[in-house]
> 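Have a look at the structure that comes next, please.
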Amino acid sequence: MARCRAGIGCAWVSGRGPTRGRRDHDKSWQADRGGLGTDFLATDRFAVAYPDHVWQIKVATLNSEEESDPPTYKDAFPPLPEKAACLDSAQEPAGAWSTKIRPIKASVITQVFHVPLEERKYKDMNQFGEGEQAKICLEIMQRTGAHLELSLAKDQGLSIMVSGKLDAVMKARKDIVARLQTQASATVAIPKEHHRFVIGKNGEKLQDLELKTATKIQIPRPDDPSNQIKITGTKEGIEKARHEVLLISAEQDKRAVERLEVEKAFHPFIAGPYNRLVGEIMQETGTRINIPPPSVSRTEIVFTGEKEQLAQAVARIKKIYEEKKKKTTTIAVEVKKSQHKYVIGPKGNSLQEILERTGVSVEIPPSDSASETVILRGEPEKLGQALTEVYAKANSFTVSSVSAPSWLHRFIIGKKGQNLAKITQQMPKVHIEFTEGEDRITLEGPTEDVSVAQEQIESMVKDLVNRMDYVEISIDHRFHRHLIGKSGANINRIKDQYKVSVRIPPDSEKSNLIRIEGDPQGVQQAKRELLELASRMENERTKDLIIEQRFHRTIIGQKGERIREIRDKFPEVIINFPDPAQKSDIVQLRGPKNEVEKCTKYMQKMVADLVENSYSISVPIFKQFHKNIIGKGGANIKKIREESNTKIDLPAENSNSETIIITGKRANCEAARSRILSIQKDLANIAEVEVSIPAKLHNSLIGTKGRLIRAIMEECGGVHIHFPVEGSGSDTVVIRGPSSDVEKARKQLLHLAEEKQTKSFTVDIRAKPEYHKFLIGKGGGKIRKVRDSTGARIIFPAAEDKDQDLITIIGKEDAVREAQRELEALIQNLDNVVEDSMLVDPKHHRHFVIRRGQVLREIAEEYGGVMVSFPRSGTQSDKVTLKGAKDCVEAAKKRIQEIIEDLEAQVTVECAIPQRFHRSVMGPKGSRIQQITRDYNVQIKFPDREENPVPSTEPAVQENGEEAGEGREAEPGSPRRCDIIVISGRKERCEAAKEALEALVPVTIEVEVPFDLHRYIIGQKGSGIRKMMDEFEVNIHVPAPERQSDVIAITGLAANLDRAKAGLLERVKELQAEQEDRALRSFKLSVTVDPKYHPKIIGRKGAVITQIRLEHDVNIQFPDKDDGSQPQDQITITGYEKNTEAARNAILKIVGELEQMVSEDVPLDHRVHARIIGARGKAIRKIMDEFKVDIRFPQTGAPDPNCVTVTGLPENVEEAIDHILNLEEEYLADVVDSEALQGYLKPPVHEESKAPSKGFVVRDAPWTAGSSEKAPDMSSSEEFPSFGAQVAPKTLPWGPKR
C-alpha cells in the first residue's frame, strides 16, 4: 500500500535536489509536531544546516557591540547554544518545560472514510503524493487545522484518515469530499412551508446537515415558487441528506394550525385571571394558543400543535366560550375618565383581581376615547359584587389642586426638593405635580392622604405669600454676564447678602427682564444694587486689544494663575479672551476708562516681553541620544534650561520626531542649541560633512514642502541635512549623522544635484493613500525593486502633506517613464476590486474583532485598505467576506490564515518570577514587556499584586534572587500565584519569550575592589559611578566609608552584569596603574646652579624652561628669592627618574654653555641706539639671533649712556661687535647730516616772538597756536602713512563722510 503523510507535505516524498533532500531530512521531525508553521521550520532548518554561518553572524555582532552601545546582543541576535537548547527541548515532548506547566489537552477524534476508484477526481497513479491532490490536502489542513493521512488500497480506492477536533474534522471531511471526490446531484420535493424548518434558526440546522452529510444543499428563495431542494455531493451523502430532509418534512406534516373566531369581549374568560386558564390548557394538550392582547382589535385565536391535541384544545376553548355566552350578562356604569386608570390598576392588576374574585370581566374604553362608560360582563349574581369593587377602586384615589403663584413653586419644592420630601415621606402614595407657567399645584392619590397634603401645601403657600415678594427689573442683556461675574461671583454675593433669588434669562433669549424673589426688604436692596451696577456699566469703556492667539494661553497661565494676578491688579477691569476655536486675536477689556488704559499698557508690555522671549529654533537630535540630553531624573535638561533661561521641548517617547524645540531669547536659544549639539557629538560617532551645491538648485533638491530631501534623509538612516537660509548666497549644505549614513547621503545628494543640472524629469501619479503601504511593500521591498530596476526616485507623501494621493517620480526621462509604467500597472491591479470569502472557525472570530477590531484595522492598513467582514456575534456562520483589490485580498487571506494557524497552535506557558521583580521586568511604562510581545508575537499577563505581601527586610539594591530572603518564598515546586506570569502563543515562541523574561530578572553580584579606590570610582560628585551605571545599565552600590568594606555590589540584568563587572575591574586596573604612575612620577632630583644663570635657564617669558618641562615631562622648581631659608642655588626637578636625569643634563648643558660665554662692553654713540634696536626691538633681535649673542643697552639715567654689553661665545661676541660698530658708523653719518640741516632751518631766537612758524619742527610743537592752518591729524593713516603701507581710500562702503 502506497502511503503519504499530508502533514509532512506530499510533494516532499519523492523530491529531488538539495532543497527537497533537506525537507526529507526534516520530515519525521515535523511529523512529531503535528504540522507546525513553515516559518518555524525554515528558521530551525537554517540553524541546523548552516551552524557556521550563524556563528559568524554572532561574532560580528559582538564586535560591533564593543564599539558602540546598541541594544544588547541577546535582543538583536539570540545566540546559537540557546537556540539549540530550545530545539532539543522542542524535540522531546516530555522535556523539562512540560513538567513546569500543565498543557491544555484537546479533544481529538479520528475518522476514516473511503473513496472508490470510480469516484476519485485524480486517478493518475504516477502523481500520488504529488501534484494537485497534495496541494488540496495541504490547503484543507491549513484552513481547518485537521491532520490528514491518505493511502491507496489494492482496488485503487482512496482511504482518508482525518484527525483533529470534532468541528475541524467535520469541515475537513466536507472539503475533501467536495474537492477529491466526483460530485453527483439530486432533487427532493417537499412542501414550500416546510423549507424554513430545513434551514432552521439563523441557518444553523442547514449548516449542521451539510457538515453531517458532507453535501451542499440549495434551497430555493422565498420568492421562488419552486419546492425542489437540490442536493450536491457523493452518492452516499446525497442519500443521507435526502433522507434527513424528508424526515423533517414528515415531522411537520404531523403538525397543524387552526384559527378560531371568538368575540373580543369573551377573551378574558378564555385566558382566565392572570392567563392561568389558557396556560393550563396549553400545558395539558401541548398546544400553543395565541390570544391577541386587549390593545389589538383582532378576534381570532390561533392554535398550533399536533393534530389530535390541537383538536382537544379547540374543543375546550369552544366549550368555555359557549358556556360564558349563555350564562353572562352585562351592565354599563359611568365612571369619571380620570378614575379609569385606578380601576385598571398598575399593569392591569386591578382588572385581573376583580376577574379572579368575582369571575366578572370589566371592559374599559380606550384612553383616546372620550367615553366614560365602563361595561361589566359576568354571571348576574356576581355583577353586584364586581360593581362594588369597581367603584371602590375608582374612588380609592382622588385628584385635587391648590392655587399657588408659579414663582413660589421653587420655594414650595425647597432646595433639592427638601420641603416636598417631608410631605411625600409621610404620604408616599400622593403624587404632587407642578406645571411650569401655571399658578396651581395638582395632587393625586388616596382621598384621605390627598386632603392632608392639600392642607399642608395651602398653609405653606399662605406663609410664603405673607413673607415673600418679587420684582422685575429691565437691564440691557449685554450687561447680564457682567452682573453675573466670573463663575457667578457677583450674583452669588448678592443672593447670599440679601437672601434673595435672582433669575437672569439665558443669553440665547436676548431678554432684558431680571426677576428678584425673596424677602421684601432684601428684594428692594438687591434691586437697588443691580440697577447701580447696570448704570455704572453703561458709563464704562470697552477696548479691543490685539494679541496673537498663540500668546493667550501663556497670558492666562497654568490653571489661570497669571490672568488672576492681572485681574487682582485691576479688579474693576473685566478681561475676556476669545474662544480658542474662533482663532481670534481680539482680547476685550471692559471697565472704568482710566483702569482700562492702565490695564492695556500693562498687557502690551507683557506681550512685548513674550514676543522677545518667543524666538524658537528646532534642533534635530538623533532619537537614541534624547535620554542622555534629558539626563538622570532630568538633571541635564534642567541645568541647560536654567543656565540658558530657555524653554526646551522634547518630543514624546513614543513619537517618531527627532526635533527638539528651544524657545526664548535669540542669544539664549543659540547657546542652548550649542550645548545640546555638543552632548550629541560627545556621545556618538557623529560626522559632519559640508557639500558644495549651487544655491540655485537648493529649492529643487528640497522639493515641495521638503518631500524630496525628507525622502533622502529617511533612506539614509535619518541623517540631518541642513541647507543655508534662502537668499544668503551660500552653496554649503551640511550633512550630520553616523559616518556611513552621511557618506551615503552625500553621494545621493550629489547624484541628485548632477541630475537636476543635466536633465531632471518629474512625473506625478495618483493612488489612493490606502494603497501606498502595499505599493511600498514590507520593509520597502517592492518600491526598492522598482527603484533599482529603473534608476528613478519615487517619493510618497508624508503624513503632514495635504495631497495624500500624490506620488512623485524624479530622474532621467526614460527611467521616470519606465517607473511610471510599472507603478500604474500595480495601481490598476489594485483598482480592480473583487469580493471573496473564506471560512474562519467562529471560535477565532473574537480575536479579530476585539479591541474595536484592531487586528482587522492593521490588516486593512497593510493590505491596501481591504475590507474584511466577519459575521455578527451570535450567529454561528464561519464565512468571512473580503472586499478590495485582487492582490490585496489574496495577501489579506494569506495573513488571516497565518493568524488562525498561530491561534490553533497557541499554548499557555507559566513563568515564575518573584513578584518583587515584576516592576523591573516590565520596564519604564511596560516598554520591556511590549518589546517582548512584539519580538515573539505572544501575549503576556501579569498576576494581580498580593494584598499583604511578606515584608522584606533586605535592601532593594541587594535583590539578586540568591539572598537569604528566598527562604520566605513558597516551596520551589509550588510558586505563589502572585509570582506566576502567564505567556500565551505558539509553543516555541512562548519558550523563547519565557527565556527573555527570565533574562530581565535583576540579579546582584559582588566585586572585590580595594577600599582606598572607592572614592576614585565614585568620582567628583558621583560623576564616575553615574557614568558607569548609565553605560552598563546597572545599579552599583558602594558601601559607606565607615564600613571600610572592599565589596561593591552590582545589580541589574544578567546580560549587563558581566560587562559591568569587566568595566569596573578595568577601572580598578586603571586606578591602580595611576597610583603606581603617581609614585614613579614623584621622584625628585636637585641640581646646583649659580643663581646668576637662573634667568638664562628660565628664558624670555619662561620659554626655555617651559620647553625643557614639556620635552622631558617634568616639573622644575626654582628657589624663592624672598625665602632666605632656602638655598638659592638649588633647582628641584620632579618626575620619572629617567626624565628628571635628562632634564638635569639639559639644564647643566645650558649652564656649561653659559660658563663658556664672555661679556664685552662696547662704546656705542647713544644717538644711534634707537636705529640699531629698531621698531619694537625687531632689528636688535635679528642681530642677536644671527650671531647667537645677548646684547644689553644702558637704561635711561645710566652713568655711561654709550656703554653696550655683548655676551656670548668669544668668536660670536667678536663678530657681533664688528657688525654693531659698522652699523654705528653708517647711522652716525646720517645723524650728523640731519643735525647740520636742522641748524640751517632753525630761525633766529629774536624772530620767534614776532611771527609764527610756517612749518613744523620735529623737536618742538608741529604747529603754533596762532596758525590759521589746520593741524595735521597724527592718528590719521592717510596723513601719516606707514612705510610700505597702502593709503586707504577716502570713500567708505557706507557712503561719504558726514
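Side-chain atoms are counted along with the backbone in the values below, which use heavy atoms only and exclude waters and symmetry mates. Sequence positions, counted from 1, serve as the residue numbers for this chain.
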> Show your reasoning for whether side chain to side chain contact (heavy atoms under 4.5 Å, CB included) applies to Phe848 and Ile899.
CA-CA 9 Å; Phe848 290 92; Ile899 293 170; 3.7 Å; yes

> Can you confirm whether Met922 is buried at CE, in the sense that more than 12 heavy atoms of other residues, nucleotides or ligands lie under 6.0 Å from that atom?
yes

> Verify whether one side chain among Glu858 and Gln854 offers a donor that lies under 3.5 Å from an acceptor in the other.
yes

> Ion pair present between Asp878 and Lys171, side-chain N to carboxylate O less than 4.0 angstrom?
yes

> Just wondering, do Ile765 and Gln820 contact through their side chains at under 4.5 Å, heavy atoms?
yes

> Measure the shortest side-chain to side-chain distance between Thr808 and Ile794 over non-hydrogen atoms and say whether it is less than 4.5 angstrom.
no

> What residues form a salt bridge (Lys or Arg N to Asp or Glu O under 4.0 Å) with Arg934, not counting sequence neighbours?
none

> Taking the side chain as C-beta and beyond, is there a heavy-atom pair between Tyr936 and Leu997 under 4.5 Å?
no

> Which atom pair, heavy atoms only, marks the closest approach of Ile109 to Lys165?
CG1-C, 4.5 Å

> Return the minimal non-hydrogen interatomic distance between Glu658 and His626, and the atom names on each side.
O-NE2, 3.4 Å

> Is there a donor-acceptor pair closer than 3.5 Å between any side-chain N or O of Gln218 and the backbone N or O of Ile231?
no

> Does a sphere of radius 6.0 Å around NZ in Lys879 hold more than 12 heavy atoms from other residues, nucleotides or ligands, not counting ones at 6.0 Å or beyond?
no

> Taking atom OG1 of Thr881 and atom NZ of Lys883, what is their separation to the nearest 0.5 Å?
10.5 Å

> Is Ile217 close to Lys230 at the side-chain level, that is, under 4.5 Å between some pair of heavy atoms?
no

> Do the side chain of Gln939 and the main chain of Thr933 share a donor and acceptor less than 3.5 angstrom apart?
no

> Is Met838 close to Gln897 at the side-chain level, that is, under 4.5 Å between some pair of heavy atoms?
yes

> Considering all heavy atoms of both residues, which atom of Lys987 and which atom of Val907 are nearest to each other, and what is their separation?
CA-CG2, 3.4 Å

> Please confirm whether the backbone N or O of Ala146 pairs with a side-chain atom of Thr144, one donor and one acceptor, at under 3.5 Å?
yes

> Answer yes when Glu204 and Lys201 have at least one side-chain N-carboxylate O distance shorter than 4.0 Å, and no when they do not.
no

> Quick one: closest heavy-atom pair of Ala172 and Val162, and the distance?
CB-CG1, 3.9 Å

> Take Glu898 and Arg895 through the salt bridge (Lys or Arg N to Asp or Glu O under 4.0 Å) test and state the conclusion after the steps.
CA-CA 5 Å; Glu898 287 173 4; Arg895 175 63 186 142; 3.4 Å; yes

> Between Val909 and Glu991, is any pair of side-chain heavy atoms under 4.5 Å apart?
yes

> Quick one: are Gln133 and Leu158 in side-chain contact, heavy atoms under 4.5 Å?
yes

> Could you state the interatomic distance from CD1 (Ile896) to CD (Glu901), rounded to the nearest 0.5 Å?
12.5 Å

> Only counting residues at least two apart or in another chain, list the ones meeting ring pair (Phe, Tyr, Trp, His ring centres under 6.0 Å) with His845.
Phe870

> Quick one, Cys137 and Leu150 - any side-chain contact, counting heavy atoms below 4.5 Å?
yes

> Charged N to carboxylate O below 4.0 Å: is that the case for Glu818 and Arg821?
yes

> Minimum heavy-atom separation for Ser163 to Val169, with atom names?
C-CG2, 3.9 Å

> Of all heavy-atom pairs between Thr659 and Pro651, which one has the smallest distance, and what is that distance?
O-CD, 3.3 Å

